[in-house]
Amino acid sequence: MMDHMNDDRTRVQEFFAVRAADWDARFPDDGPAYAEAVAALGLRPGSRVLDAGCGTGRALPALRTAVGRSGVVLGADLTPEMIDAAVRAGRDRDGSLLRADVSSLPVRSGSLDAVFGAGLISHLAVPQRDLGELARVVRPGGLLALFHPVGRAALAARHGRELTPDDLRAEPQLRPLLAAAGWRLTSYVDEDARFLALAVREG
Ligand SMILES: C[S@@+](CC[C@H](N)C(=O)[O-])C[C@H]1O[C@@H](n2cnc3c(N)ncnc32)[C@H](O)[C@@H]1O
């Protein structure tokens, strides 16, 4: 079991390591979509938020704007090359960057108001466990946003594959998965230009 998990982690790191350097250049127009998704979290000045699987930190400027200087913004990613690219892009000015696996975060239980995760969920080795770890670090009533700037059908078409009902992000899969991990799905949008699922941390 442990070996499988290490294999999964290595696979993710290898996949993203070679994509890190030109990640932002490949998706130059996504900024407004990220800002809109961050706005859905309803953060306030002073809020504490984690960008889980932050990659090059594309969401960090919008998260910092939302929480202000008195707030806390953390960005955690497994792939060192992604963190390096985030630093090169100056994203460490907007948040503290951690090289960490979301399955085991160096963050106190209940210490955050929200988690933002863009393009993350389909890469998680053990989704229920990892979403449970995200629930651990968020206070009851806090929020989770699972976002992608492309909807499921458009993404499947881009990759030349069929959309299957067992896709983790399909609502009938996602709702019970989140519930088992301590989250209640409150809103679900899956359209061509946006996938956004919002969930609240159960008490
Ligand atoms: C599709 S990229 C998205 C990056 C960024 N959120 C964005 O929207 O540009 C997925 C990111 O999740 C990270 N990742 C995948 N599994 C992870 C895990 N278990 N813990 C931390 N980061 C992870 C990868 O290293 C990669 O940077």
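Atoms considered below: every heavy atom in the structure, side chains included; atoms not considered: hydrogens, waters and symmetry mates. Each ligand, and each atom within it, is numbered from 1 in the order the structure gives.
Environment of CG in D22: crowded, with over 12 heavy atoms of neighbouring residues, nucleotides or ligands closer than 6.0 Å. Within a 6.0 Å sphere centred on CZ of R108, other residues, nucleotides and ligands contribute 12 heavy atoms or fewer.
Contacts with ligand 1 closer than 4.0 Å are made by no heavy atom of A52, backbone or side chain. Proximity of A125 to ligand 1, defined as any heavy-atom pair under 4.0 Å, is not found for any part of the residue.
Atom 20 (N) of ligand 1 has its closest protein heavy atom at V102 N, 2.9 Å. Protein heavy atom in closest approach to atom 19 (N) of ligand 1: D101 OD1, 2.9 Å. Nearest protein heavy-atom neighbour of atom 6 (N) of ligand 1: G53 O, 2.7 Å. Nearest protein neighbour of atom 8 (O) of ligand 1, counting heavy atoms only, is Y34 OH, 2.5 Å. Closest to atom 23 (C) of ligand 1, if we only count protein heavy atoms, is L78 CB, 3.8 Å. For atom 3 (C) of ligand 1, the closest heavy atom belonging to the protein is A118 O, 3.4 Å.
Note that R152 lies outside the cation-pi zone of F195, set by a 6.0 Å cut-off to the ring centre and a 45° limit from the axis. Figure legend: R19 and F15 shown as a cation-pi pair, the cationic atom lying under 6.0 angstrom from the six-membered ring centre and within 45 degrees of its axis.
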(request) Begin from the C-alpha positions of D77 and R99 and carry the test salt bridge (Lys or Arg N to Asp or Glu O under 4.0 Å) through to its verdict. (result) CA-CA 5 Å; D77 204 284; R99 182 181 163 190; over 6 Å; no

(request) Could you please spell out the steps behind the salt bridge (Lys or Arg N to Asp or Glu O under 4.0 Å) verdict for R136 and E133? (result) CA-CA 5 Å; R136 180 188 69 77; E133 174 65 355; 2.9 Å; yes

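Using a non-hydrogen distance threshold of 4.0 Å, P149 does not register as a contact of ligand 1. Ligand 1 has V12 within reach: a non-hydrogen atom of the residue lies less than 4.0 Å from it.
Considering backbone and side-chain atoms together, W23 places an N or O closer than 3.5 Å to an N or O of ligand 1. Of the polar atoms of M82, none of the N or O atoms is found under 3.5 Å from an N or O of ligand 1, judged by distance alone. Residue S103 has no N or O atom closer than 3.5 Å to an N or O atom of ligand 1.
When L60, D51, V73 are each tested for a side chain to side chain contact (heavy atoms under 4.5 Å, CB included) with L97, only one passes: L60.
Comparing F147, F16, F116 against atom 2 (S) of ligand 1, the shortest heavy-atom distance belongs to F16. Within the set L105, D77, T56, L124, the minimum heavy-atom distance to atom 27 (O) of ligand 1 is found for D77.
Residue-ligand proximity, T79 to ligand 1, at heavy-atom distances under 4.0 Å covers atoms 24 (C), 25 (O). Counting the atoms of ligand 1 from 1 in the order shown, those under 4.0 Å from a heavy atom of G119 are 1 (C), 10 (C). Ligand 1 places these atoms under 4.0 Å from at least one heavy atom of A100: 20 (N), 21 (C).
One N or O on the side chain of T186 and one on the backbone of L198 form a donor-acceptor pair closer than 3.5 Å.
R91 and D24 are joined by a salt bridge, as a carboxylate oxygen and a charged side-chain nitrogen come within less than 4.0 angstrom of each other. Ion pair D190/R169 not flagged as a salt bridge, since none of the NZ, NE, NH1 or NH2 atoms sits closer than 4.0 Å to an Asp/Glu carboxylate oxygen.
Contact check for I121 versus L174: side-chain heavy atoms found under the 4.5 Å cut-off.
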